[in-house]
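Atoms within a ligand are numbered from 1 in the order they appear, just like the ligands themselves.
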Amino acid sequence: MSEAFPDIQKIKYEGPKSKNPLGFKHYNADEVVAGKKMREHLRFGVAYWHTLRNTLADPFGAGTSQKPWDDGSNSVENAKKRTHVCFEFMDKLGVDYYCFHDRDVSPECATLAESNKAFDAVADELEKLQRATGKKLLWGTACLFAHPRYNQGAATSPSASVFAYAAAQVKKALEVTHRLGGEGYTFWGGREGYSTLWNTNLKREMDHLAAFLHMAVDYKKKIGFTGPFYIEPKPREPSTHQYDSDSAACLNFLRQYDLMEHFKLNIETNHATLAGHTMRHELEVALAAGALGSIDANTGDELIGWDTDQFPTDIYLTTQIMLVLLKMGGFTTGGLNFDAKVRRESFEPVDLFHAHIGGMDAFARGLKIASAIMEDGRLDNFVKQRYSSFDSGIGAQIEKGEVGFAELEAWTLKNGEAMIGSGRQEMLENLVNEFI
Ligand code: XUL
Ligand code: CO
């Protein structure tokens with residue numbers, strides 16, 4: 001097969017002084033930062049649905065994206081051709097992972113049996129390419145939101161036959177993910193929510209979603225898939241309200257339905273901001289519950305209120321993400337999947353490279369800055385010091401559960417007015433800026 005990007009060579013690290021738009025200024029895959037190679041910290045992934053499939057259509061106009069290798073058909077041949085484009089792209093970019101939905105890599109056909117057959121044929125090709133290149137599947141997932149049958153949800157559809165279809169689809173997607181050595185499997189509940197409560201039995205829908213996920217856990221055990229399941233929170237879009245609205249709601253759902261040990265969270269920046277949170281908030285909430293699994297790396301637009309899925313270029317954002325990841329001790333099965341698309345105006349194939357290079361460089365800088373902040377230690381020491389009244393005396397007794405209200409009343413009557421130091425927010429913001 002001829003190359004899809006014949007004019008583009010492998011992207012190399014050229015250092016911060018380079019003026020070459022097709023060179024890395026900061027991402028140097030094998031450079032060691034904080035005890036590990038950059039590629040091991042960052043574990044970048046290419047999102048098949050955006051990079052290979054997104055036409056860049058929006059609600060006001062047709063797609064603009066130029067994909068000269070794609071004949072636009074729904075054929076298995078075309079689907080197979082795309083797999084080669086994906087692997088050429090990953091190779092030239094130096095990215096080790098990719099992620100897909102079943103229907104991104106292979107077509108939805110007239111029957112489930114035909115769709116499964118097409119999926120197997122494309123998976124054969126993916127397996128060959130993975131073997132030949134050493135590239136890996138970060139996670140797989142099933143698209144349970146695009147086909148019209150899912151217009152009122154999949155696992156939360158009021159129709160039992162839709163629930164059954166979705167289950168069959170996830171069964172197959174799990175089998176293929178397992179076969180391709182996928183390191184995890186993601187559930188994003190695109191339409192698992194409601195458009196109006198006037199027609200919705202919320203309790204029943206949530207019970208159904210939990211039953212569906214329990215079935216997935218049973219099946220995962222049955223086929224011997226050991227990777228984690230991820231839930232990807234998002235508050236709305238396309239539904240008015242999605243049940244997995246943010247980290248806290250997902251964690252509560254998982255605990256309520258006894259699913260906590262089988263799931264981690266896949267946190268996406270644009271979803272966090274749609275939920276009215278910062279990305280860092282969502283990551284910290286997941287981490288505090290021991291449930292931070294993976295990241296969909298992108299960003300939204302401050303002025304547009306929807307999921308614009310832009311490539312992340314903000315060094316403040318990537319620094320904060322990398323601080324949380326370093327605190328966690330790094331990814332195990334997860335990674336930084338670029339769930340991001342180029343702008344509709346950036347329609348040439350080379351724009352896909354510019355976009356990924358920018359995201360990778362932004363995260364490389366975030367990693368170096370976060371590592372320097374941690375090595376410096378002042379920020380960490382300040383936070384430790386801020387809580388030091390709990391390290392000994394009455395604070396240590398509180399943390400150990402040795403005292404109750406009566407003891408604390410007696411202690412306060414004896415010790416008088418409480419003491420608290422300044423939070424020093426501005427000083428700490430200045431400190432962080434020393435490194436950026
Ligand atoms: C949609 C979204 C999805 C998931 C996978 O907003 O983020 O692409 O990442 O289904
Ligand atoms: Co996503």
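- Legend: residues meeting ring pair (Phe, Tyr, Trp, His ring centres under 6.0 Å) with His262, ordered by chain and number and at least two apart, are absent.
- Using a 4.0 angstrom heavy-atom cutoff, Asp339 counts as in contact with ligand 1.
- Between Asn298 and the options Lys341, Glu268, His271, Gln310, a side chain to side chain donor-acceptor pair (under 3.5 Å) holds for only Glu268.
- Note: Tyr257 OH to Leu213 CG = 10.5 Å, rounded to the nearest 0.5 Å.
- With a 4.0 Å heavy-atom cut-off, ligand 1 is reached by the side chain of His271 but not by its N, CA, C or O.
- Distances from atom 8 (O) of ligand 1 to the heavy atoms of Phe187, Trp188, Trp49, Phe100 show the closest one on Trp49.
- Between the side chains of Glu232 and Thr186, not a single donor N or O lies within less than 3.5 Å of an accepting N or O.
- Side chain to side chain, Asp339 and Trp49 meet the donor-acceptor criterion of an N or O pair below 3.5 Å.
- Of the N and O atoms on the side chains of Glu31 and Tyr13, not one donor lies less than 3.5 Å from an acceptor on the other residue.
- Gln169 and Tyr150 share a donor-acceptor pair across their side chains, judged by distance under 3.5 Å alone.
- The closest side-chain donor-acceptor pair between His354 and Asp351, if any, does not fall under 3.5 angstrom.
- Set against the non-hydrogen atoms of Asp296, the atoms of ligand 1 under 4.0 Å away are 9 (O).
- Here atom 7 (O) of ligand 1 lies nearest to Glu232 when heavy atoms of Lys234, Glu232, His50, His101 are compared.
- Ordered by chain and number, Glu232 OE2, Glu268 OE1, Asp296 OD2, Asp339 OD2 make up the set of protein N, O or S atoms under 2.8 Å of the Co ion (ligand 2).
- Residue contacts with ligand 1 for Asp307 involve side-chain atoms from C-beta outward but no N, CA, C or O (heavy atoms, distance under 4.0 Å).
- Contacts between Asp309 and ligand 1, counted as non-hydrogen atom pairs separated by less than 4.0 Å, are absent for every part of the residue.
- Checking Tyr97, Phe89, Tyr27 one by one against Phe44, the ring-ring contact (aromatic ring centres under 6.0 Å, His included) holds for a single residue, Tyr27.
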